[in-house]
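See below for the structure under consideration.
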Amino acid sequence: MAEKITSRETDYSQWYIDLVRSAKLADYSDIRGCMVIRPNGYAIWEKMQAALDRMFKETGHVNAYFPLFIPESYIQKEADHIEGFAPECAVVTHGGGEELAEKLYVRPTSETVIWASYKKWIQSYRDLPLLINQWANVVRWEMRTRLFLRTAEFLWQEGHTAHASPEEAQEEVLRMINVYKTFAEEYMALPVIMGRKTESEKFAGADETWCIEAMMQDKKALQAGTSHNLGQNFAKAFDCQFQTKEGTLEYVWATSWGVSTRLIGALIMAHSDDKGLVLPPKLASRQVVIVPILRGDKQAVVEKAHTICEELKKSGIHAFVDDSEQNSPGWKFAEYELQGIPVRLEIGPRDISNNICIAARRDTGEKQKLTLDGTLATSILSMLETMQQSMFKRALDFRESNTFEVASYDEFKSLIDNGFIVAHWDGTEETEAKIKEETKATIRVLPETPDFIAHYSINEPGVCIYSGKPSKRKVVFAKSY
RNA sequence: CGGGGUGUGGCUCAGCUGGUAGAGUGCUGCGUUCGGGACGCAGAGGUCGUGGGUUCGAGUCCCGCCACCCCGACCA
């Protein structure tokens, strides 16, 4: 097969593109910046959606759907919001062959159209909190796009909540960023640093933005999810007030939070290797592929393979058999490694007579013999669990060994291409902008994860590496996607 | 938007100083194979991105347009 993946060492970007295309996760379309998500890629999204949707519902949220089109007048209601998003919007000017009286923006995010509805639904403190999530597509006319990481149209979920007090809104913001953290770590096996964004990096229209940041294998940072405290900004813009218990009128406090198909890009960039995709078992729609070695009594081998498959399925393992005869076992091994199937079982006549099969783990390549008896499913389940844990551990070790604490700007400059930098910052936008201009590195996050804070003594005062002025805390710098 | 690149079978690309379309891979059929991307034989498949120009003749030269990709400035 000619489909060779460029090695990560040779060209990381090309590796990523080759992998996405040859594993059939996504394809370019003829529409600028828009990709086709192919079944293999969409399956990952469906697994993500299922887990996230369950977590949202467990925290009291419900799903709804709002229009794709947003009247220009809505977009213009919140000043920071329009400034942040208008330049990258697609705008519809005609409909039904006629020029529209008012232009319609294709949503880049739905705060405005949702708050136009919330205004109608909220009158009393009894209507609060309002906890709604929407699964949708959005469009941002990005100048430069990259498969999954930044496309003109992408799929995401956006939660939009309304609360009666700032405390309750803040609690929601934290609750949801923690849901994202849990999801990233437990499902994606992706360690993340949770914390706040600086003023200049926050969402257009938010008072405060919280995020989770992850390290990719090229040591760059990727923002994997955000949760915004919108204060009363949108409530004021849409004149959404409620009557309190005491009978007074107050503007509603709001939050919004989202993750997108970018997570698929994060998953690829964090775990995969030169052979192809490596999927954490919890996000693999196909967890075990059984490859029968078709020689000798083929019929018996194929039957045994299917018997094993049925047995695994009964234990809740997503297994399948590839008993097609047009491709050799070697071809199948390579193909399913490319597609990231977590475990491969090889079974041939030799194994059947020894009452065993060979199990190979995708992440490490390790092969081991498993006995073909009632313990097989249990062995596979524990192998999947071990794999999930060990992928997380490996990613965490990688991040830790590529995170450096520095005390001077010279050190900063010499290490910034090697990973994350933990350093003191004087808290000013000027310093942040200067460092960005000089090094292209940005402040990714003001960490709030307790173990991270403890590990790097984040809250210990010191002096800013750039200005030498006093600094209350350390922050995380990195180059990012 | 600035810089660079590319448009030729499904895919990746070759095609020089113009002479009428090629490879690898994939696809279809048959047979032999099968424990790390097997092999043989026989097939199908292209108005060469698009519009104009030069020429007896254009995939090839010239001009315009369009699209996509890559590198920057902006962003989940």
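In what follows, chains are A, B, ... by sequence order, proteins preceding strands, each numbered from 1.
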Evaluate the side-chain proximity of [Y] to [X]: yes if any heavy-atom separation is below 4.5 Å, no if none is.
{"X": "A:Tyr180", "Y": "A:Met194", "result": "no"}
{"X": "A:Gln223", "Y": "A:Tyr481", "result": "no"}
{"X": "A:Arg140", "Y": "A:Thr109", "result": "yes"}

Please report the distance, rounded to the nearest Å, between [atom1] in [X] and [atom2] in [N].
{"X": "A:Glu325", "N": "B:rU33", "atom1": "CD", "atom2": "C1'", "result": "10 Å"}
{"X": "A:Asp322", "N": "B:rC34", "atom1": "CG", "atom2": "P", "result": "17 Å"}
{"X": "A:Arg344", "N": "B:rG35", "atom1": "CZ", "atom2": "P", "result": "12 Å"}
{"X": "A:Asp27", "N": "B:rC69", "atom1": "CG", "atom2": "P", "result": "11 Å"}
{"X": "A:Asn327", "N": "B:rG35", "atom1": "CG", "atom2": "C1'", "result": "16 Å"}
{"X": "A:Arg21", "N": "B:rG26", "atom1": "CZ", "atom2": "C1'", "result": "15 Å"}
{"X": "A:Tyr481", "N": "B:rG72", "atom1": "OH", "atom2": "P", "result": "11 Å"}
{"X": "A:Met35", "N": "B:rC69", "atom1": "CE", "atom2": "P", "result": "12 Å"}

Base, sugar-phosphate or nothing for [X]? Non-hydrogen atoms, less than 4.0 Å.
{"X": "A:Pro108", "value": "nothing"}
{"X": "A:Glu142", "value": "base"}
{"X": "A:Gly348", "value": "base"}
{"X": "A:Phe154", "value": "base"}
{"X": "A:Ile17", "value": "sugar-phosphate"}
{"X": "A:Thr145", "value": "sugar-phosphate"}
{"X": "A:Lys440", "value": "sugar-phosphate"}
{"X": "A:Leu263", "value": "nothing"}
{"X": "A:Glu337", "value": "base"}

**Study point:** Contiguous Watson-Crick or G-U pair runs (3 or more, under 3.5 Å) in RNA chain B
**Key:** B:1-7 with B:66-72, B:10-13 with B:22-25, B:27-32 with B:38-43, B:49-53 with B:61-65
Practice item. Could you verify whether a donor N or O on one side chain and an acceptor N or O on the other, from A:His306 and A:Asp323, lie under 3.5 Å apart? Key: yes
Point to revise | A:Ser110 side chain to A:Gln134 side chain, donor-acceptor N/O pair below 3.5 angstrom | key: yes
Is the [atom1] atom of [X] crowded by more than 12 outside heavy atoms at less than 6.0 Å?
{"X": "A:Lys103", "atom1": "NZ", "result": "no"}
{"X": "A:Tyr336", "atom1": "OH", "result": "yes"}
{"X": "A:Gln76", "atom1": "CD", "result": "yes"}
{"X": "A:Glu9", "atom1": "CD", "result": "no"}

Practice item. Determine whether any donor atom in the side chain of A:Asp351 lies under 3.5 Å from an acceptor atom in the base of B:rG35, or the reverse, and answer yes or no. Key: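 Flag set: donor-acceptor pair detected.
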Revision key, fill the gap. Only one of A:His61, A:His160, A:His228 passes ring-ring contact (aromatic ring centres under 6.0 Å, His included) with A:Trp257, and that residue is A:His61
Rounding to an integer number of angstrom, what distance separates [N] and [M] when you compare their [atom1] atoms?
{"N": "B:rC68", "M": "B:rC27", "atom1": "C1'", "answer": "26 Å"}
{"N": "B:rG19", "M": "B:rC11", "atom1": "C1'", "answer": "30 Å"}
{"N": "B:rG3", "M": "B:rC48", "atom1": "P", "answer": "31 Å"}

Check your understanding: What residues form a side chain to side chain donor-acceptor pair (under 3.5 Å) with A:Arg361, not counting sequence neighbours?
Key -> A:Asp363, A:Ser390
Point to revise | With sequence neighbours excluded, residues passing side chain to side chain donor-acceptor pair (under 3.5 Å) with A:Thr428 | key: A:Asp426, A:Thr431
Review point. Quick one: is B:rC34 close enough that its OP1 or OP2 comes under 4.0 Å of any side-chain N or O from A:Ser328?
Key: no
Practice item. For A:Asp53, enumerate each residue passing the salt bridge (Lys or Arg N to Asp or Glu O under 4.0 Å) test, keeping only those at least two apart in sequence or located in another chain. Key: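 Only A:Lys57 meet the salt bridge (Lys or Arg N to Asp or Glu O under 4.0 Å) criterion with A:Asp53.
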Review point. Want to settle it: does A:Gln14 or A:Ser200 sit nearer the 5' end of RNA chain B, counting the closest nucleotide to each?
Key: A:Gln14
Exercise for review: Map A:Gly365 and A:Gly225 onto RNA chain B by nearest heavy atom, then report which one ends up closer to the 5' terminus.
Suggested key: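 Per heavy-atom nearest nucleotide, the more 5' residue is A:Gly365.
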Would you tabulate the nitrogen or oxygen pairs shorter than 3.5 Å linking the protein to nucleotides 66-68 of chain B?
| residue | atom | partner | partner atom | Å |
| --- | --- | --- | --- | --- |
| B:rC68 | OP1 | A:Arg32 | N | 2.4 |

Check your understanding: Taking RNA chain B as the partner, which of residues 269-308 of chain A come within under 4.0 angstrom of it by heavy atom?
Key -> A:Ile293, A:Leu294, A:Arg295, A:Lys298
Point to revise | Nearest listed nucleotide, side chain of A:Trp331, among B:rC74, B:rG35, B:rG37 | key: B:rG37
